[in-house]
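Step one of this worksheet: look at the structure below.
Residue numbering restarts at 1 for every chain, and letters A, B, ... go by the order of the sequence lines. Only this structure's heavy atoms are used, side chains among them; waters, hydrogens and symmetry mates stay out. Keep in mind that this is a model prediction, so the values were computed, not measured.
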Amino acid sequence: MKQAIGGKKKIAAIKGTKDILPPETRKWQWVENQARELFERYGYRELRAPVFEATELFERGTGTSSDIVLKEMYTFTDKGGRSLTLRPEYTPSVVRAIIEHRLYLQPRPLRFYYIGPMFRYDKPQKGRYRQFHQIDIEVFGEKDAGIDAEIIQMAQALLTKVGVTDYRILINSVGCPRCRPPYVEKLRQAAEQVREALCPDCQRRIELNPLRLFDCKVETCRELAQEFPRITDYLCSECTEHFQQVQAYLDVFGLEYQLEPRLVRGLDYYTKTTFEFVTSALGAQDAILGGGRYDEMMKLFGGPDLCGIGFAVGLERLLSLVTYQPSEAPFIFVAYLGEPAKQAAMKLVATLREVGMECWLEYKERSLRNQLSRANKLGATWTLIIGEDEVKSGRFNLKNMASGEQQEYTSAELLAYFRDYLHSKKSPS
RNA sequence: GUGAGCGUAGCUCAACUGGUUAGAGCACUGGACUGUGGAUCCAGAGGUUGGGGGUUCGAGACCCCUCGCUCACCCCA
């Protein structure tokens, strides 16, 4: 009724989603390629899972007490009456795929990576979107602390590769099903003692998630939290030993890191090692990369007793720290005059493209001056000029737009020239 | 979900304290200029001032609602 009167309704991208436009897409492609190249070197292979899954997968995997499942999932019913959810994170999908395809029968450890969109119904702000992108890596079947250190080292190598230096590495251990529950109870009791002095948020945390008590920003809470028991003092011997080994191996790599007992992370399934890379350049959403170990998840889904560890990089957050802007490939603008020249141009352009050159040909009739002006504006590296004379003689003028120099070539010579050019670009020296 | 700030052309911004037909720069298109680009000049196109309602003789401006954006809380990548 309302919109019928006004006519056109504006259709815009959904809240919290974004179009990624050229030339910004170049930067995305570049970072994604850097990641793929790096991960492959560590033996990781891409595993692509669907963007939506049965809702139950995340309820069981991510955990029903996590905020993600509690209030951030894009859940809908399809026409067959199934409850489906756009994935809010990737790990449960990988676990599902491993079990479904019996991938655990392959030689271990299994190493996978994936780059793609995730969905969370959150209120958007800087560095936080409803559709966002993650680079995700997972390792299954390696319980040695060496792998914990290795993936942190790999994460650091990725940041270095894309030129990001402003970050700190935080690590912690959240224990296992044996030692964490008793600790949480201790923590709860300690907090209960000073309940009245804590802020309302923290008072709620005592019941909801005591581990988050350490995360409060209120000064008095922070001071009180100093006196609370720390998980690292309550880890069982296995977890303690693992945590110490992780640190020792990180030292082997020469990595600098901070122990951060407050680092609990929001997913229910973490065990032992958790870590985060944080930056000071992003405002409130300062985590660019986060991960940890989840040794119980595979069992939870009825799979084998196979431990897991992994991390996710927030691409939007990472990209906002990447300053490198890849340059566009050099290309040829083809200018022609008259119908016979147009046809010769179309034919020549097809062959040049086959050789591997980027060529632009426009079909609107313009003067040569006008075409050169456009070539200049569009940033052409060369302009190839084809007029009546050139069609007759079979020799074309190739103009270098930077120097203004111009030289004649036959079409065979042109192809040879650009073949050489492409070859020399691929293997410089 | 809670709170704050902001919405004028594709972009960056004007428009006095509420007063005529909402302007400029950049960008875009065309022309001067039909065989040689970058400059200059001229012209054109582009807006329901996010949307709806109200106050007023009169609203881009004031009030209410709504939508969107931004930032923060919460949480996380």
Checklist line | Closest nucleotide among B:U29, B:G38, B:G35 to the A:Glu388 side chain | finding: B:G35
Note to self: By nearest heavy atom, map A:Ala312 and A:Tyr121 onto RNA chain B; which one lands nearer the 5' end?
What the structure shows: A:Tyr121
Next item on the list: Under 4.0 Å between any heavy atoms, over every strand shown, what does A:Glu316 touch: base, sugar-phosphate, or nothing? Just pick one.
Entry: nothing
Checklist line | NZ/NE/NH1/NH2 to OD/OE distance under 4.0 Å, A:Lys143 and A:Asp295 | finding: no
Check: Below 4.0 angstrom from OP1 or OP2 of B:C69, is there any side-chain N or O of A:Lys15?
Finding: yes
Item checked: Value in whole Å for how far the C1' atom of B:C75 lies from CD of A:Glu72 -> 6 Å
Check: So which of A:Tyr90, A:Phe39, A:Phe311, A:Tyr42 actually passes ring pair (Phe, Tyr, Trp, His ring centres under 6.0 Å) with A:Tyr113?
Finding: A:Phe39
Check: How long is the line joining CG of A:Asn376 and P of B:A39, in whole Å?
Finding: 7 Å
Note to self: Once you apply a heavy-atom cut-off of 4.0 Å, does A:Lys399 come out as touching a base, just sugar-phosphate, or nothing?
What the structure shows: base
Item checked: Opposite nucleotide pairing with B:A59, Watson-Crick or G-U, both atom distances under 3.5 Å -> none
Checklist line | Span that lies between the P atom of B:C63 and that of B:U56, in whole angstrom | finding: 16 Å
Margin query: Base of B:G35, side chain of A:Glu390 - is there a donor-acceptor contact under 3.5 Å?
Written below: yes
Next item on the list: Can you tell me the pairing partner of B:G18 across any strand shown, Watson-Crick or G-U wobble, with both distances under 3.5 angstrom?
Entry: none
Notebook entry, point to check: How many Å lie between CG on A:Leu384 and P on B:U36, as a whole number?
Noted result: 17 Å
Next item on the list: Determine the interatomic distance between P on B:G23 and the same-named atom on B:A4; round to the nearest Å.
Entry: 36 Å
Next item on the list: Identify whether the distance between the nearest side-chain nitrogen and carboxylate oxygen of A:Lys161 and A:Glu37 falls below 4.0 Å.
Entry: yes
Note to self: I'd like to know if A:Arg128 reaches the base of B:A77 with its side chain, counting only an N/O donor and acceptor under 3.5 Å.
What the structure shows: no
Next item on the list: Give the nucleotide from the list B:G37, B:G35, B:C73 with an atom nearest to the side chain of A:Gln285.
Entry: B:C73
Next item on the list: Could you give the distance separating B:C62 and B:C6 at their P atoms, to the nearest angstrom?
Entry: 10 Å
Next item on the list: Report yes if the side chains of A:Ile151 and A:Tyr44 come closer than 4.5 Å at any heavy-atom pair, otherwise no.
Entry: yes
Note to self: Rounded to whole Å, please give me the gap between CG in A:Asp286 and C1' in B:C71.
What the structure shows: 15 Å
Checklist line | P-based separation of B:U66 from B:C71 [nearest Å] | finding: 23 Å
Next item on the list: Would you classify A:Ile288 as touching base, sugar-phosphate or nothing, given that sugar-phosphate means primed atoms plus P, OP1 and OP2, and contacts are heavy atoms under 4.0 Å?
Entry: sugar-phosphate
Next item on the list: Answer with yes or no whether A:Gln406 presents, from its side chain, a donor or acceptor under 3.5 Å of a partner atom in the base of B:U36.
Entry: yes
Check: Mind checking the P distance from B:A59 to B:C26? Whole angstroms is fine.
Finding: 34 Å
Notebook entry, point to check: Applying a 3.5 Å limit to both distances, which nucleotide forms a Watson-Crick or G-U wobble pair with B:C71?
Noted result: B:G3
Margin query: Strictly below 4.0 Å: does A:Arg366 bring a side-chain N or O up to OP1 or OP2 of B:G30?
Written below: yes
Item checked: B:U36 pairs with, by Watson-Crick or G-U criteria that keep both distances under 3.5 Å -> none
Margin query: Taking the basic N atoms (NZ, or NE/NH1/NH2) and the acidic carboxylate oxygens, is any pair closer than 4.0 Å for A:Glu40 and A:Arg45?
Written below: yes
Checklist line | Minimal non-hydrogen separation, A:Leu306 against A:Gly141, with atom names | finding: CD1-CA, 3.4 Å
Notebook entry, point to check: Pick the nucleotide of RNA chain B nearest each of A:Lys126 and A:Ala402; which residue has the one closer to the 5' end?
Noted result: A:Ala402
Check: Looking only at atom P, what distance separates B:G60 and B:G51, rounded to whole Å?
Finding: 11 Å
Next item on the list: Would you indicate what A:Glu405 reaches in the nucleic acid, counting non-hydrogen atoms under 4.0 angstrom: base, sugar-phosphate, or nothing?
Entry: nothing
Check: Within the structure, does a side-chain N or O atom of A:Lys18 lie under 4.0 Å from either OP1 or OP2 of B:U70?
Finding: yes
Note to self: So, applying salt bridge (Lys or Arg N to Asp or Glu O under 4.0 Å) with A:Arg111, which one of A:Glu150, A:Glu46, A:Glu138 is it?
What the structure shows: A:Glu150
Note to self: Partner lookup for B:C41, please. Criteria are Watson-Crick or G-U wobble with both distances under 3.5 angstrom; report none if nothing qualifies.
What the structure shows: B:G31
Item checked: B:C13 pairs with, by Watson-Crick or G-U criteria that keep both distances under 3.5 Å -> B:G23
Check: Do A:Val278 and A:Arg168 come within less than 4.5 Å of each other through their side chains, counting heavy atoms only?
Finding: yes
Margin query: OP1 or OP2 of B:G30 versus the side-chain N and O atoms of A:Arg369: is any pair under 4.0 Å?
Written below: no
Next item on the list: Have a look at A:Gly16 and say if it touches a base, only the backbone sugar-phosphate, or nothing, with a 4.0 Å heavy-atom cut-off.
Entry: sugar-phosphate
Notebook entry, point to check: Considering only side-chain heavy atoms of A:Lys71, which listed nucleotide, B:G37, B:C74, B:G30, is closest?
Noted result: B:C74
Check: Between B:A14 and B:A32, how far is it from one P atom to the other, in whole Å?
Finding: 38 Å
Notebook entry, point to check: Distance between the C1' atoms of B:C74 and B:G18, in whole angstroms?
Noted result: 42 Å
Check: Are A:Asn370 and B:G31 close enough that a side-chain N or O sits under 4.0 Å from OP1 or OP2?
Finding: yes
Margin query: For a quick check of understanding: with a heavy-atom distance under 4.0 Å over all strands, which category does A:Gly404 fall into, base, sugar-phosphate or nothing?
Written below: base
Next item on the list: Please evaluate the base of B:U2 for a donor-acceptor partner in the side chain of A:Lys123 within a cut-off of under 3.5 Å?
Entry: yes
Note to self: Considering every strand and a 4.0 Å limit on heavy-atom distances, what is the contact class for A:Ile385: base, sugar-phosphate, or nothing?
What the structure shows: base
Checklist line | Opposite nucleotide pairing with B:U49, Watson-Crick or G-U, both atom distances under 3.5 Å | finding: none
Notebook entry, point to check: According to a strict under-4.0 Å criterion, is A:Gln125 in side-chain N/O contact with OP1 or OP2 of B:C71?
Noted result: no
